[in-house]
Amino acid sequence: MTTPAAPLRVALLGGGTVGGSVVRMLLEQADDLEQRIGRRLEIVGIAVRRAGRDRSDLGVDPGLITTDAQELVTRADIVVELIGGIEPARGLILRAMEHGASVVTANKALLAEDGASLHAAAIDRGVDLYYEASVAGAIPILRPIRDSLAGDSINRVIGIVNGTTNFVLDAMDTTGAGLFETVERAQSLGYAEADPTADVEGFDAAAKAAILSSLAFHSSVGTEDVHREGITGVGARDIQAAQDMGCTVKLLAICEKVETPDGTGISARVHPAMIPLTHPLASVREAYNAVFVEAEGAGDLMFYGQGAGGDPTASAVLGDIVAVARTRVTGGRGPGASSYAHLPVLSMGQAVTRYHVSLEVADRSGVLASVATKFAEHDVSIETVRQQVVTDDEGAPRAMLIIVTHAATDAALSATVDELAQLDAVNEVTSVMRVEGS
Ligand SMILES: NC(=O)C1=CN([C@@H]2O[C@H](COP(=O)(O)OP(=O)(O)OC[C@H]3O[C@@H](n4cnc5c(N)ncnc54)[C@H](O)[C@@H]3O)[C@@H](O)[C@H]2O)C=CC1
Ligand SMILES: N[C@@H](CC=O)C(=O)O
Ligand code: NA
């Protein structure tokens, strides 16, 4: 008679929104997971921050709850880090690897800050480091990029990768709701980060852009390489300007290869942008996420689903747990990331994009010519110009010029807008936004 193999020991760090869902799903699906992996998973401990708090919500033997994460990570085969932030998460992951554990994490902030050294430690220790939940929650996107598209060449990845800001922008677009009340609602639904500034100011999306760029272009891209603008500058006038153009405003994470006179580089950026209602990303509503991938052979691919919330994120974590557990059973390491291409990351000024500019101007002859001259001086070609008269809050007529440019470098476009604001003929630059996806 053969003795059944010992269960694989799973240690969880953090029992919050995602951690709580992971524990419940691990328990509810224990038998199925055992069948799929070929070994049983056994939770050997759950590290929480504070002692003495009732954690019956987690539904586990209270003896498994510990505040000693440092000790817990030394006695597991798989460590699941769901604390978030840089430290102590980084130290705990490295310690877990030193003790031979594979690691699953949803921590995009840490991966974007220090992914290279975490990957190096995993290789050094012969263990796996998986983090599918860190980008676009439940949506399988990192493994498709790393594995399924490993034989193709990716040119661009454009994503709506932050559920909280998509929820807010969608509400502003459809109901005219304000920023702060909508963020509070996203918090109560479990989408927002512990500090929602990370969502609203684009830090969360920038971390995801760094991870996506690194995997898509086989290069090392960190948070500091990603140009970041959040949504606090987006107002009702921008939303209206987008609607007038048949567009909607989305916070986009854009990762693309750009050809420069010095060779190929990576542009990685997060900012609000107008996209045409006909683009697949325009239909992504509420807190949903989507990632649009353009590859040489595959053409356009769209990945869509829930990018935030306890259970959707836990689904991706569970997928990674099963993947690393299967590797434990068969031996060796699973597929990892590579950075052999070493493509340089370009500055925002080198990004190539289009602009939509609304100007309130003096209603007299020569104004259009002086505005057009500024664009020409910076070699920015105008695609369309529309003139309209609107009535302001006091009932006075105001002359508006609405200009959409062809693609140009961001440096040329922003220099043009700076100089337009100085023209006598321009009373106010009322809205400036990049236009993507067409
Ligand atoms: N909530 C979401 O929709 C998503 C979250 N994530 C990521 O998942 C991770 C966890 O996020 P949430 O569960 O939403 O956060 P959360 O704030 O609900 O949970 C984190 C938990 O970790 C605990 N914790 C903090 N420091 C600790 C320590 N030193 N030792 C033990 N426990 C500690 C906290 O007390 C809290 O219960 C983060 O990295 C987050 O960015 C990723 C995708 C989606
Ligand atoms: N706060 C994030 C959660 C997932 O990463 C979001 O709103 O998308
Ligand atoms: Na994902």
Side-chain angles (χ1 to χ4, degrees), residues 11-23 45-51 53 55 57-58 65-73 80-93 104-113 130-146 159-169 182-183 185-187 189-208 211-212 215 231 251 253 286-291 303-320:
L12 283 125
L13 311 180
T17 304
V18 183
S21 287
V22 168
V23 172
I46 303 171
V48 299
R49 186 160 35 188
R50 275 184 297 277
R53 223 185 103 200
R55 291 314 312 255
D57 58 309
L58 292 173
I65 309 287
T66 175
T67 52
D68 193 352
Q70 296 287 341
E71 183 276 330
L72 177 60
V73 299
V80 185
E81 185 276 305
L82 299 168
I83 291 172
I86 307 302
E87 291 294 352
R90 171 170 40 202
L92 289 166
I93 288 176
V104 172
T105 176
N107 192 336
K108 55 259 166 164
L110 178 57
L111 258 305
E113 162 123 347
Y130 278 23
Y131 44 93
E132 179 60 73
S134 67
V135 179
I139 305 174
I141 183 64
L142 300 188
R143 269 191 268 165
I145 288 179
R146 194 194 60 204
I160 295 172
V161 291
N162 184 268
T164 302
T165 47
N166 203 54
F167 190 73
V168 173
L169 291 173
T182 329
V183 169
R185 181 143 168 70
Q187 278 178 295
L189 291 167
Y191 305 144
E193 294 300 301
D195 174 3
T197 315
D199 299 299
V200 172
E201 298 291 358
F203 290 100
D204 179 80
K208 292 164 177 168
I211 296 170
L212 287 168
L215 287 174
I231 63 164
L251 184 74
E286 300 181 337
Y288 278 83
N289 282 194
V291 185
F303 300 81
Y304 171 84
Q306 296 189 66
D311 283 8
T313 309
S315 163
V317 172
L318 264 288
D320 279 354

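What you see is a predicted model, and the numbers here were worked out from it, not measured in a lab. Just follow the structure's listing: the first ligand is 1, and inside any ligand the first atom is 1.
Listed by number with element, the atoms of ligand 1 under 4.0 angstrom from any heavy atom of Gly16 are 13 (O), 18 (O), 19 (O), 21 (C), 37 (O). Here is the list of ligand 1 atoms found below 4.0 Å of a heavy atom in Ala47: 31 (C), 32 (N). Less than 4.0 angstrom separates some heavy atom of Asp199 from each of these atoms of ligand 2: 1 (N), 2 (C), 6 (C), 7 (O). The atoms of ligand 2 that sit less than 4.0 Å from any heavy atom of Tyr191 are 1 (N), 2 (C), 3 (C), 6 (C), 7 (O). For ligand 1 and Gly84, the ligand atoms under 4.0 Å from any heavy atom of the residue are 38 (C), 39 (O). Residue Ala308 has at least one heavy-atom neighbour below 4.0 Å for each of these atoms of ligand 1: 3 (O).
Put simply, part of Ala133 is less than 4.0 Å from ligand 1, judged by heavy atoms. Not a single heavy atom of Ser134 lies less than 4.0 angstrom from ligand 1. Ligand 2 is never approached by Gly137 to a heavy-atom distance shorter than 4.0 Å. Gly190 counts as a contact of ligand 1, since one of its heavy atoms falls under 4.0 Å from the ligand.
Contact annotation: for Ala192 versus ligand 2, heavy atoms closer than 4.0 Å belong to the backbone alone. With a 4.0 Å cut-off on non-hydrogen atoms, Val48 touches ligand 1 through its backbone and not its side chain.
Thr164 OG1, 2.6 Å is the protein heavy atom nearest to atom 7 (O) of ligand 2. Shortest contact from atom 7 (C) of ligand 1 to any protein heavy atom: Ala106 O, 3.4 Å. When only non-hydrogen protein atoms are considered, atom 10 (C) of ligand 1 lies nearest to Leu82 O, 3.4 Å. At the shortest separation from atom 17 (O) of ligand 1 among protein heavy atoms lies Ala194 CB, 4.3 Å. Here the protein heavy atom with the shortest distance to atom 3 (O) of ligand 1 is Gly309 N, 2.6 Å. Of the protein's heavy atoms, Gly14 CA, 4.2 Å lies nearest to atom 23 (C) of ligand 1. Looking at atom 11 (O) of ligand 1, its nearest protein heavy atom turns out to be Val18 CG2, 4.0 Å. For atom 5 (O) of ligand 2, the nearest protein heavy atom (residue, atom name, distance) is Lys108 NZ, 2.5 Å. Closest to atom 34 (C) of ligand 1, if we only count protein heavy atoms, is Arg49 NH2, 3.7 Å. The single protein non-hydrogen atom nearest to atom 43 (C) of ligand 1 is Thr313 CG2, 3.4 Å, given as residue, atom name and distance. For atom 8 (O) of ligand 2, the closest non-hydrogen atom on the protein side is Gly163 N, 2.6 Å.
The residue among Leu72, Asn107, Ile83 with a heavy atom at the shortest distance from atom 24 (N) of ligand 1 is Ile83.
On a distance-only criterion, Lys108 and ligand 1 share at least one N/O pair closer than 3.5 Å. The shortest N/O to N/O separation between Glu193 and ligand 1 falls below 3.5 Å. Where the criterion is an N or O separation shorter than 3.5 Å, residue side chain and backbone included, Leu13 fails it with respect to ligand 1. Residue Pro88 has no N or O atom closer than 3.5 Å to an N or O atom of ligand 1.
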(request) Start with the C-alpha distance between Val22 and Leu318, add both sets of side-chain angles, then the distance that settles side chain to side chain contact (heavy atoms under 4.5 Å, CB included), and finish with yes or no. (result) CA-CA 7 Å; Val22 168; Leu318 264 288; 4.0 Å; yes
(request) For the pair Thr105 and Val80, evaluate side chain to side chain contact (heavy atoms under 4.5 Å, CB included) and give the outcome as yes or no after the intermediate values. (result) CA-CA 6 Å; Thr105 176; Val80 185; over 6 Å; no
(request) Report the C-alpha separation of Gln70 and Leu92 in whole Å, then their side-chain angles, then the decisive distance to 0.1 Å, and conclude whether the side chain to side chain contact (heavy atoms under 4.5 Å, CB included) test is met. (result) CA-CA 6 Å; Gln70 296 287 341; Leu92 289 166; 3.6 Å; yes
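Taking every heavy atom of both residues into account, Thr17 and Gly190 meet most closely at CG2-O, 4.1 Å. Between Tyr304 and Ala290, the shortest heavy-atom distance links the atoms CD1-CB, 4.0 Å. Annotation for Ala205 and Asn162: closest pair CB-CB, 4.4 Å, computed over non-hydrogen atoms. Of all the heavy atoms in Ile139 and Phe303, the pair that sits closest is CG2-CB, 3.6 Å. Across every non-hydrogen atom of Ala69 and Leu13, the tightest pair is CB-CD2, 4.2 Å. Closest of all the heavy-atom pairs between Ala89 and Gly84 is CB-O, 4.0 Å.
Taken to the nearest 0.5 Å, the OG1 atom of Thr165 stands 5.5 Å off from the CD1 atom of Ile231. If you take CD1 on Ile46 and CG on Leu72, they are separated by 9.0 Å, rounding to the nearest 0.5 Å. Here Ile83 contributes atom CD1 and Asn107 contributes atom CG; the two are 8.5 Å apart, rounded to the nearest 0.5 Å.
Using a 4.5 Å heavy-atom cutoff, the side chains of Val168 and Val183 are in contact. The closest side-chain heavy-atom distance from Leu142 to Leu212 is below 4.5 Å. Using a 4.5 Å heavy-atom cutoff, the side chains of Glu193 and Lys108 are in contact. Considering only heavy atoms from C-beta on, Glu132 comes within 4.5 Å of Pro144 through its side chain. Counting heavy atoms from C-beta outward, Gln187 and Thr164 have side chains that stay 4.5 Å or more apart. Side-chain contact between Thr67 and Val48 is present, with heavy atoms from C-beta onward closer than 4.5 Å.
Listed by chain and number, the protein N, O or S atoms at a distance under 3.0 Å from the Na ion (ligand 3) are Glu132 O, Glu132 OE2, Val135 O, Gly137 O, Ile139 O.
When distances from atom 15 (O) of ligand 1 to the protein are checked, no heavy atom turns up under 4.0 Å.
Between Phe167 and Tyr191, the two ring planes are perpendicular [angle over 60°; tilted spans 30° to 60°].
With sequence neighbours excluded, no residue forms a ring-ring contact (aromatic ring centres under 6.0 Å, His included) with Tyr130.
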